[in-house]
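Report on one structure; see the data block that follows.
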Amino acid sequence: MLAGPYAYVPRTNDMRAQFETAVILQPARSALVLRVAASIMVLVCAALFANSASGPSGAGFVRTVDSRAERCDSAASVIEGRRVGIDSEPFRVNSPSASGCTAWRSFFVVARPMRLELRLDANAPSSVAIDGRLIATLSAATRTTRTVELDLARGVHPFVVAFSNENENGYLRIFAQDRRGQWMAGPTPLERERFFTTQRAADAYLADGAPTSRSTSKALWAFLALSAACACLWVARNIARSNDVTHTRNIFAESAFAVACFATTLLDRVVAQRWQDLGWDELWYSNAAEHYIRNALLGDFTAEAYRWNHEHPPIAKWIYSLGAFFSGLDGARAIGFILSAWTVVFVYATVRTFESRRVALTSALTLSFMPHVAAHARIVGHETIQLFFWSATLLAVCTWMRFGAGHSRSRASMYAFLIGLLPVLGTFSRFTFIWFAPVILVAWWLATSRVRWTAWLSVPWSTIVGVVVGCVLVFALWPWLHEDGKAHWAETSSHWDRICSGHYLGVFYNGLPASFYAVMFTLTTPVALLIAAAGGIVVGFVRNRRAALLMLVAFLAPFLHSILHGRQDLARYVCPAWIGVSIFAAWGADAACAFIGAKVSAMRPMWKHTLAALPCAALCIYTFASLKRVEPYPLDYYSEITGGVSEVFRKQTGELAWWAEGIGHAGAWINEHARRGARVRIDTNSEGVRPRLRDDLIEVAQHSNLPADYVMTNLYRYQESVPRGCQRVYEAGLDGVRFATVWSCTAN
């Protein structure tokens with residue numbers, strides 16, 4: 001009855017409803033407002049990116065060229081990458097003169113005492129000088145790498161680099177890290193914001209407290225703005241397709257519930273960041289992401305510049321690099337928070353294609369609070385990216401089936417294109433995404449089983465185009481393959497043959513059994529969710545056989561990874577199966593809701609709906625309680641079946657503290673309680689996961705016999721080193737199990 005922006009609005013006594021119908025819910029007007037809002041959000045995001053990219057006033061390098069190669073002993077410092085016509089930046093060198101010398105001079109700001117590690121990588125004579133003192137030189141004509149360390153006091157330090165370009169392919173890259181920094185995982189390209197062309201600019205920057213434009217809060221706000229823009233455009237697109245006010249109201253209602261799921265998930269991740277320890281591999285991933293984004297900004301797409309963390313495919317690192325651009329590790333984590341929230345929204349939208357809002361909301365919230373899903377979403381890892389692409393592809397598959405399998409329909413063609421594109425991006429974020437293939441095959445069979453097309457004609461051309469586009473993007477974003485791709489691919493895949501080890505049901509295995517993933521998935525999933533999911537499988541097939549079959553395949557497909565011998569790290573390699581558990585558990589809980597609703601049908605509507613929703617609400621609260629029970633170490637969650645962390649420790653059921661949990665909290669205790677000038681020894685199992693100590697504390701060599709006032713140790717594979725003559729003064733752990741310990745050794 002209602003069509004277009006000038007539709008007739010009947011008079012009612014409810015002025016609010018009349019206003020909504022006449023003004024807010026008019027499709028054309030609402031779509032226009034949303035598009036304007038999206039444009040504003042895009043501008044906000046762009047402004048935050050531009051502000052972070054600009055750097056402080058006066059930052060940069062002064063570049064000079066001298067045709068006399070013998071003058072190159074004056075030295076300098078170069079950021080990884082290629083010079084792209086900006087003379088104030090020292091990047092990869094292609095000097096105008098084959099025998100000339102290129103030098104860069106700058107002033108390096110040190111805001112607090114640091115132990116600077118410099119790494120030179122060059123194939124021609126190069127040198128670096130700091131404070132007028134020659135620090136490192138390279139003279140080999142072949143690729144040579146040299147690493148040096150030096151202590152720098154707070155202040156401004158003259159920084160000079162020189163490079164003699166003896167051939168057309170000459171290059172010089174320099175990386176750095178603070179060995180006294182909060183976390184370490186190898187040097188990254190120099191931060192341009194800390195180098196200035198004049199002493200005056202450097203002094204002014206230091207006097208202002210050495211602020212930096214690389215901010216975690218900026219990263220979060222930038223990607224929130226981008227998310228809001230995407231959401232507004234999607235809602236506007238759907239509203240514009242309808243001239244029905246009722247349909248517009250439904251879209252706004254669904255969007256409100258989706259936003260609630262997004263906000264709930266994001267709030268959990270952001271709040272938990274206050275106590276989040278560093279994960280084992282986080283630094284290597286964020287480190288590689290920083291290399292990627294710096295190389296891209298410098299215009300350097302040579303294969304040599306992208307060799308970082310090459311054993312993993314590139315897309316996840318490119319995604320995290322957007323956050324690393326703002327604030328390194330913390331910025332990359334912000335990306336994970338946003339993508340985790342979008343994953344929950346995609347699950348909500350997927351379930352709404354075939355089920356009620358109550359089922360969709362329950363499945364979204366249980367997934368949001370699933371302990372191991374939440375734990376991995378708080379750190380930089382491949383699990384969050386894999387879940388994001390898995391849920392997005394599942395939504396595209398379900399929506400494509402809803403609108404029809406025919407590729408002649410424009411709306412179905414868009415989702416068919418995504419079905420081709422997203423799996424390619426997901427697979428080259430993490431190779432285990434390949435197990436989504438059975439889901440696509442079953443969806444294709446379900447969609448075409450009722451039509452008279454031949455098999456090859458039923459594959460939409462848009463899907464093929466999506467696959468091609470995805471492959472082109474991956475190749476373009478993986479320069480590691482551009483030069484000698486066969487050798488590089490062999491190096492990337494070489495670690496797949498390794499035999500993994502670990503504790504499993506009381507036995508330490510070198511080469512874990514095929515049952516490892518299924519058992520560990522069961523032991524690390526809340527029991528009530530497993531019970532509800534078992535019932536939900538039956539309920540799903542009764543209610544919607546086609547949807548239930550597709551969800552069952554999506555749930556079981558990740559376990560195909562068990563056929564490979566590379567089994568390790570609890571259930572994280574089959575993490576997409578938790579999406580299936582949340583959906584089937586919501587189905588099971590909703591069946592209980594329907595049963596209660598039938599029993600209280602004679603009650604008042606308010607009480608009837610409240611009581612009927614109790615099973616779904618109880619399931620969400622139970623999942624939330626399961627997560628909070630193991631804070632701040634949800635990576636070590638084990639279900640009630642195991643008896644908790646203490647019983648897992650006693651029986652050595654599975655891995656505990658595998659991700660170096662507790663080390664950050666132990667370091668924070670030392671910084672707060674250690675006396676001034678105390679000697680500290682960090683005897684943990686990973687040098688890369690090392691907390692930053694106070695400036696006045698003295699760190700002695702790790703695992704040495706040197707005396708120390710405090711010693712930090714951690715649990716690794718049920719072993720913990722105990723220093724002689726020391727007593728425990730701090731413990732970080734769960735349920736009586738010590739993950740990290742601080743020892744006082746004053747008597748020594």
Side-chain angles (χ1 to χ4, degrees), residues 344 347-348 350-351 354-356 358-374 387 390-391 394 398 435 438-439 442 505 514-562 570-572 574-599 612-627 629 637-644 653-654:
V344 172
V347 170
Y348 175 86
T350 297
V351 177
F354 55 81
E355 257 295 350
S356 67
R358 186 166 61 192
V359 177
L361 194 60
T362 304
S363 60
L365 291 178
T366 51
L367 180 67
S368 174
F369 300 137
M370 198 83 69
H372 279 270
V373 172
L387 284 170
W390 192 282
S391 60
L394 193 61
C398 291
W435 304 121
V439 183
V442 170
L505 302 182
S515 60
F516 176 76
Y517 285 128
V519 172
M520 284 302 161
F521 182 87
T522 303
L523 298 182
T524 55
T525 303
V527 172
L529 287 176
L530 293 175
I531 297 172
I537 293 175
V538 177
V539 173
F541 274 92
V542 171
R543 291 187 179 183
N544 191 328
R545 185 177 303 174
R546 289 160 61 87
L549 176 59
L550 186 64
M551 294 303 108
L552 184 61
V553 174
F555 165 58
L556 296 176
F559 292 101
L560 290 172
H561 199 68
S562 299
L570 301 180
R572 72 185 182 101
V574 295
C575 61
W578 275 307
I579 294 178
V581 166
S582 67
I583 293 174
F584 282 116
W587 248 328
D590 190 68
C593 291
F595 176 79
I596 294 176
K599 293 296 183 181
L614 282 180
C616 285
L619 193 66
C620 295
I621 294 172
Y622 162 78
T623 310
F624 179 77
S626 298
L627 170 62
R629 179 170 63 85
Y637 171 81
Y638 283 87
S639 71
E640 299 87 339
I641 298 175
T642 65
T653 306

Would you say the side chain of [Y] lies within less than 4.5 Å of the side chain of [X], judging by non-hydrogen atoms?
| X | Y | value |
| --- | --- | --- |
| L570 | Y638 | yes |
| P371 | P526 | yes |
| W435 | F559 | no |
| T350 | S391 | no |
| F595 | P615 | no |
| L552 | V442 | no |

Donor-acceptor contact present, side-chain [X] to main-chain [Y], <3.5 Å:
| X | Y | result |
| --- | --- | --- |
| Y622 | A528 | yes |
| T525 | T522 | no |
| T623 | M370 | no |

Going from [atom1] on [X] to [atom2] on [Y], what distance comes out if it is rounded to the nearest 0.5 angstrom?
| X | Y | atom1 | atom2 | answer |
| --- | --- | --- | --- | --- |
| L627 | T366 | CG | OG1 | 12.5 Å |
| S626 | F369 | OG | CZ | 11.5 Å |
| R572 | F521 | CZ | CZ | 15.5 Å |

Fit a plane to each ring of [X] and [Y], take the angle between them on a 0 to 90° scale, and name the class: parallel (under 30°), tilted (30 to 60°) or perpendicular (over 60°).
| X | Y | value |
| --- | --- | --- |
| W578 | H372 | parallel |
| W587 | F354 | tilted |
| F555 | F584 | perpendicular |

Where is the tightest heavy-atom contact between [X] and [Y], given as atom of each residue plus distance?
| X | Y | answer |
| --- | --- | --- |
| R358 | A594 | NH2-N, 4.2 Å |
| V359 | A586 | O-CB, 3.4 Å |
| S363 | A360 | OG-O, 2.8 Å |
| L523 | T642 | CD2-CG2, 3.8 Å |
| A585 | L619 | O-CD2, 3.6 Å |
| S582 | V347 | OG-CG1, 4.5 Å |

Q | Audit row: V373, V344, side-chain contact (heavy atoms from CB on, under 4.5 Å) steps and yes/no | A | CA-CA 11 Å; V373 172; V344 172; over 6 Å; no
Q) How far apart are the C-alpha atoms of E355 and I583, what are their side-chain angles, what is the distance that settles it, and do they pass the side-chain contact (heavy atoms from CB on, under 4.5 Å) test? A) CA-CA 10 Å; E355 257 295 350; I583 293 174; over 6 Å; no
Q. When L365 is tested against each of T362, L361, L367 for side chain to side chain contact (heavy atoms under 4.5 Å, CB included), which residue passes?
A.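 One option only clears the test, and that one is L361.
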Q | Worked check of side-chain contact (heavy atoms from CB on, under 4.5 Å) between M551 and L394 | A | CA-CA 9 Å; M551 294 303 108; L394 193 61; 3.9 Å; yes
